[in-house]
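First up is the structure itself, then whatever we jot down about it.
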Amino acid sequence: LILADTDESLSGGNFHAEPVAVAADTIAMAVCEIGSLAERRVAMLVDPSLSGLPAFLTPRPGLDSGFMIPQVTAAARVAENRQRAFPASVDSIPTSANQEDHVSMAAHGARRLGEMAANARAIVAIELLAAVQACDVHAPLASSAPLEAVPARLRSRVPTLVEDRHLHPDLAEAIGLVASGAIADAVAPVRLPALDRAGRGRLAGAGRGRAGARPDPGPFRGIDLPVVATGTMSLTGPAVRRPAPDARCLRTGAALPII
């Protein structure tokens, strides 16, 4: 037994830690999957054949790398988490002259979770950076007020990527926002969709209003994007008058992360 408050370790409990090991394995798989899904969304954003956006989310594709290396970084962290996600509870090795014939490996299974969580936070932070950059491409189209709060929170710390620069400071800022809960707080009034008593779907909570127009697109001005329509409303070109809420994020391939 490890007593963190008193910095004591007491041996001789003679209990089996298999339930802890299995729980740790389950958490590891969930953490790994969160990062894996986030990385795939980033991959879709930087691929112009899938997103219809400028390659690697840079206004100068071919000259600048844009978000190429951040996606590579996310992929590397996903690969590391996949290796660590192998179930520790199935890897039993007898010890103590076969007196301990079934070892749970719970300590190892729990210890890796901290590093896996750090990797997952970094991957989600990369998705945050990429998703907001993708939304900048669609400026001055605006999304709903809660979603606009997320880019505003990030842009208060990290400017739009106009040309290649050292991105470690940007990633550190984004990781800090994710880890602190600031991104989740930005959309705190919003709750998940729910069913009313009649079984009809509805959006619960506040935050369904439409935000005003976003700032001038700046470096992305003049970039032609494929026309995507919802119903009879075009999302690009001069026909746009009243973009539907969240319209500008429909084509990015990723939802803004709020975890």
Side-chain angles (χ1 to χ4, degrees), residues 1-42 70-129 150 153-154 157-158 167-192 194 205 255-259:
L1 296 178
I2 305 298
L3 306 178
D5 294 339
T6 58
D7 197 25
E8 293 180 293
S9 175
L10 303 179
S11 300
N14 295 322
F15 57 86
H16 202 288
E18 188 76 5
V20 176
V22 172
D25 287 343
T26 302
I27 295 173
M29 288 185 285
V31 171
C32 181
E33 189 68 2
I34 289 171
S36 183
L37 290 170
E39 185 278 328
R40 285 294 83 198
R41 290 190 290 264
V42 175
Q71 190 264 325
V72 171
T73 302
R77 288 179 179 262
V78 168
E80 185 176 335
N81 271 2
R82 286 176 177 173
Q83 295 165 15
R84 286 177 169 154
F86 183 84
S89 59
V90 303
D91 191 14
S92 178
I93 300 176
T95 60
S96 301
N98 283 316
Q99 295 182 67
E100 299 181 12
D101 59 351
H102 190 281
V103 182
S104 68
M105 301 296 179
H108 164 70
R111 179 172 54 83
R112 65 182 164 170
L113 294 178
E115 296 171 337
M116 291 185 68
N119 277 341
R121 280 195 296 270
I123 299 166
V124 170
I126 291 171
E127 184 188 1
L128 172 64
L129 291 168
V150 174
R153 184 67 61 90
L154 179 69
R157 303 280 192 88
V158 179
L167 289 177
H168 180 267
D170 296 10
L171 180 56
E173 289 286 356
I175 291 174
L177 289 172
V178 172
S180 68
I183 297 302
D185 291 343
V187 291
V190 178
R191 294 194 296 270
L192 293 176
L256 294 174
I258 59 172
I259 61 172

Nearest heavy-atom contact between E39 and V78 is CB-CG2, 3.6 Å
*asked:* Would the distance check show the side chain of H16 and the main-chain N or O of H102 forming a donor-acceptor pair, the cut-off being under 3.5 Å?
replied: yes
Note: A120 and N81 closest approach over all heavy atoms is N-ND2, 3.9 Å
Per-pair distances, 0.1 Å, donor-acceptor, side chain in residues 22-32, under 3.5 Å, sequence neighbours excluded:
residue	atom	partner	partner atom	Å
D25	OD1	A88	N	2.8
D25	OD1	R112	NH2	2.5
D25	OD2	A88	N	3.3
D25	OD2	S89	N	2.9
D25	OD2	S89	OG	2.5
T26	OG1	V22	O	3.0

When every non-hydrogen atom of R121 is compared with those of A179, the smallest separation belongs to CD-CB, 3.7 Å
Heavy-atom closest pair (V178 atom, L128 atom, distance to 0.1 Å) is CG2-CD2, 4.2 Å
**Request:** Would you indicate whether the side-chain heavy atoms of I93 and V103 approach each other to under 4.5 Å?
**Result:** no
The side-chain hydrogen bond (donor to acceptor under 3.5 Å, both in side chains) partners of S92 (sequence neighbours excluded) come to none
Minimal heavy-atom distance between P87 and V90, with the atoms involved, is O-CG2, 3.3 Å
Sorted by chain and residue number, the side chain to side chain contact (heavy atoms under 4.5 Å, CB included) partners of A38 (sequence neighbours excluded) come out as R41, I123, V124, E127
S104 meets the side-chain hydrogen bond (donor to acceptor under 3.5 Å, both in side chains) criterion, sequence neighbours left out, with none
Value for CG (L113) from CZ (R84), rounded to nearest 0.5 Å, stands at 10.5 Å
Sequence neighbours excluded, the answer for side-chain hydrogen bond (donor to acceptor under 3.5 Å, both in side chains) partners of R77 is N119
Rounded to the nearest 0.5 angstrom, the CZ-CE distance for R111 and M105 is 11.5 Å
For L171 and L129, the nearest pair of non-hydrogen atoms, with its separation, is CA-CD1, 4.0 Å
Rounding to 0.5 Å, atoms CD1 (I183) and CZ (R153) come to a distance of 6.5 Å
Side chain to side chain contact (heavy atoms under 4.5 Å, CB included) filter on S9, not counting sequence neighbours, yields I2
